[in-house]
Amino acid sequence: FTVHLELKGRVGKTAAQRHTPAQAEAHADCALAVVRELQRGADEAAVDVEILISSFAPALLSTLVARPSWPADRKLGPHVTLRVAALQGIPPPLDRQSVPLSGFGPEVDVVMAHPDWIRDGAWEAYRSRHWEVCFWMFSGVAESLDAVEHYRPKWVTTSEATFFVRWLER
């Protein structure tokens with residue numbers, strides 16, 4: 001199994017309302033408490049689980065991996081592996097949520113990109129960092145499906161799972 005946890009980079013109604021350092025630490029600790037619960041379930045069931053923690057906010061991911069309870073080897077017991085993902089969506093200046101890749105630190109090993117906005121240059125930048133690439137999308141439109149066929153990401157996160165599986169099986 002793969003479980004995806006997205007850490008939201010804002011604390012209010014607007015993108016300008018970012019975490020204070022204390023809020024970022026509390027958010028990271030909360031995420032790690034969820035991770036520990038998932039670990040308990042994985043250990044009890046003896047099932048391997050990969051937990052992917054993502055954010056549009058590089059500072060929040062850095063805070064997460066700096067917490068004392070973050071395992072340096074990204075392993076929790078015999079069944080859980082942790083991954084850290086940079087989220088990329090609509091590029092600036094169209095939207096300020098996606099930040100430049102240079103803002104993300106060495107803790108990142110996955111990028112979750114929106115297929116409607118990925119270009120070959122971005123793809124090469126992800127691959128040059130040796131990041132595993134996956135896509136996220138709300139709806140399966142022709143452009144998204146074309147990008148999936150072209151780039152072949154490891155996985156796709158979508159709210160249209162049934163549609164997507166049927167499209168893959170065609």
Side-chain angles (χ1 to χ4, degrees), residues 1-90 95-101 103-115 117-118 126 129-140 144 148 153-165:
F1 290 98
T2 298
V3 176
H4 174 213
L5 300 176
E6 180 184 347
L7 304 183
K8 299 294 185 181
R10 64 183 192 198
V11 294
K13 292 182 180 181
T14 70
Q17 295 172 298
R18 299 285 178 186
H19 293 81
T20 64
Q23 288 171 326
E25 288 178 356
H27 196 164
D29 289 343
C30 181
L32 289 167
V34 171
V35 164
R36 294 288 181 198
E37 285 300 314
L38 292 168
Q39 177 197 5
R40 277 194 269 289
D43 289 347
E44 286 176 18
V47 172
D48 292 337
V49 177
E50 177 182 64
I51 301 174
L52 178 68
I53 304 172
S54 68
S55 185
F56 282 100
L60 193 52
L61 295 175
S62 294
T63 298
L64 174 75
V65 301
R67 301 306 295 151
S69 60
W70 179 264
D73 65 356
R74 297 185 182 216
K75 299 282 186 190
L76 290 173
H79 299 289
V80 175
T81 303
L82 300 176
R83 309 285 304 274
V84 179
L87 278 170
Q88 295 286 288
I90 300 171
D95 183 37
R96 284 185 232 128
Q97 185 167 244
S98 292
V99 299
L101 298 179
F104 290 92
E107 64 273 0
V108 172
D109 61 339
V110 176
V111 62
M112 296 183 74
H114 194 288
W117 294 98
I118 192 169
Y126 305 150
R129 288 170 170 78
H130 306 287
W131 290 352
E132 198 161 48
V133 181
C134 60
F135 287 164
W136 64 270
M137 62 185 187
F138 296 115
S139 55
S144 300
V148 169
K154 180 178 179 186
W155 67 85
V156 175
T157 298
T158 181
S159 57
E160 294 198 29
T162 302
F163 162 79
F164 192 71
V165 168

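Quick caveat: nothing in here was measured; it's all calculated off a predicted structure. Position 1 is the first residue of the sequence, and the numbers go up from there.
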- Message: Let me confirm one number: the OG1-CD distance from Thr20 to Glu25, rounded to the nearest 0.5 Å.
- Response: 8.5 Å

- Would you name the heavy atoms of Ala28 and Arg67 that are closest together and state the gap between them? CB-CG, 3.8 Å

- Query: Going by atom types alone, do Glu107 and Ser62 pair a side-chain donor with an acceptor below 3.5 Å?
  - Reply: yes

- Item | Minimum heavy-atom distance Pro78-Asp43, with the two atoms named | CD-OD1, 3.8 Å

- Query: Around atom CZ of Phe1, are there more than 12 heavy atoms of other residues, nucleotides or ligands at under 6.0 Å?
  - Reply: no

- Message: With side-chain contact (heavy atoms from CB on, under 4.5 Å) as the test, pick out the partner of Ser54 among Leu87, Val110, Leu60.
- Response: Leu87

- Query: Would a 4.5 Å heavy-atom cut-off, applied to side chains only, mark Leu76 and Val35 as touching?
  - Reply: yes

- Value rounded to 0.5 Å, distance of CZ in Phe135 from OG1 in Thr157: 11.5 Å

- Message: Give me the atom names and distance for the closest heavy-atom approach of Lys8 to His19.
- Response: O-CE1, 3.0 Å

- Task: Report the C-alpha separation of Val84 and Arg74 in whole Å, then their side-chain angles, then the decisive distance to 0.1 Å, and conclude whether the side-chain contact (heavy atoms from CB on, under 4.5 Å) test is met.
- Result: CA-CA 10 Å; Val84 179; Arg74 297 185 182 216; 3.7 Å; yes

- Compare all side-chain heavy atoms of His4 with those of Met112 and state whether any distance is below 4.5 angstrom. yes

- Looking at side-chain heavy atoms only, is the closest gap between Val49 and His79 below 4.5 Å? no

- Can you name the closest pair of heavy atoms from Arg18 and Gln23 and give their distance? O-OE1, 3.8 Å

- Query: Which class fits the ring pair His114 and Phe138: parallel under 30°, tilted 30 to 60°, perpendicular over 60°?
  - Reply: tilted

- Item | For the student: nearest non-hydrogen atoms of Gly103 and Pro58, plus distance | O-CB, 3.0 Å

- Compare all side-chain heavy atoms of Val80 with those of Leu38 and state whether any distance is below 4.5 angstrom. no

- Query: What class does the angle between the rings of Trp131 and Tyr126 fall in, given that below 30° is parallel, 30 to 60° is tilted and above 60° is perpendicular?
  - Reply: parallel

- Does the side chain of Met137 come within less than 4.5 Å of Phe164's, by heavy atoms? yes

- Message: Measuring from atom CG of Leu64 to atom CG of Leu7, what distance do you get when rounded to the nearest 0.5 angstrom?
- Response: 6.0 Å

- Query: Quick one: are Val108 and Arg129 in side-chain contact, heavy atoms under 4.5 Å?
  - Reply: no

- Side chains of Leu101 and Gln88: closer than 4.5 Å at any heavy-atom pair? yes

- Minimum-distance pair of heavy atoms, taken over all atoms of Ser55 and Gly9: OG-N, 4.4 Å

- Message: Tell me if a side-chain donor or acceptor on Ser98 pairs with a main-chain N or O of Gly89 at a distance below 3.5 Å.
- Response: yes

- Message: Quiz question: by atom type and distance under 3.5 Å, do the side chains of Lys75 and Thr81 form a donor-acceptor pair?
- Response: yes

- Message: Assess the residue pair Arg83 and Glu132 against the criterion (side-chain contact (heavy atoms from CB on, under 4.5 Å)); give the C-alpha distance rounded to whole Å, side-chain angles, the decisive distance to 0.1 Å, and a yes or no.
- Response: CA-CA 10 Å; Arg83 309 285 304 274; Glu132 198 161 48; 2.9 Å; yes

- Query: Are side-chain heavy atoms of Leu82 and Trp70 found at a separation under 4.5 Å?
  - Reply: yes

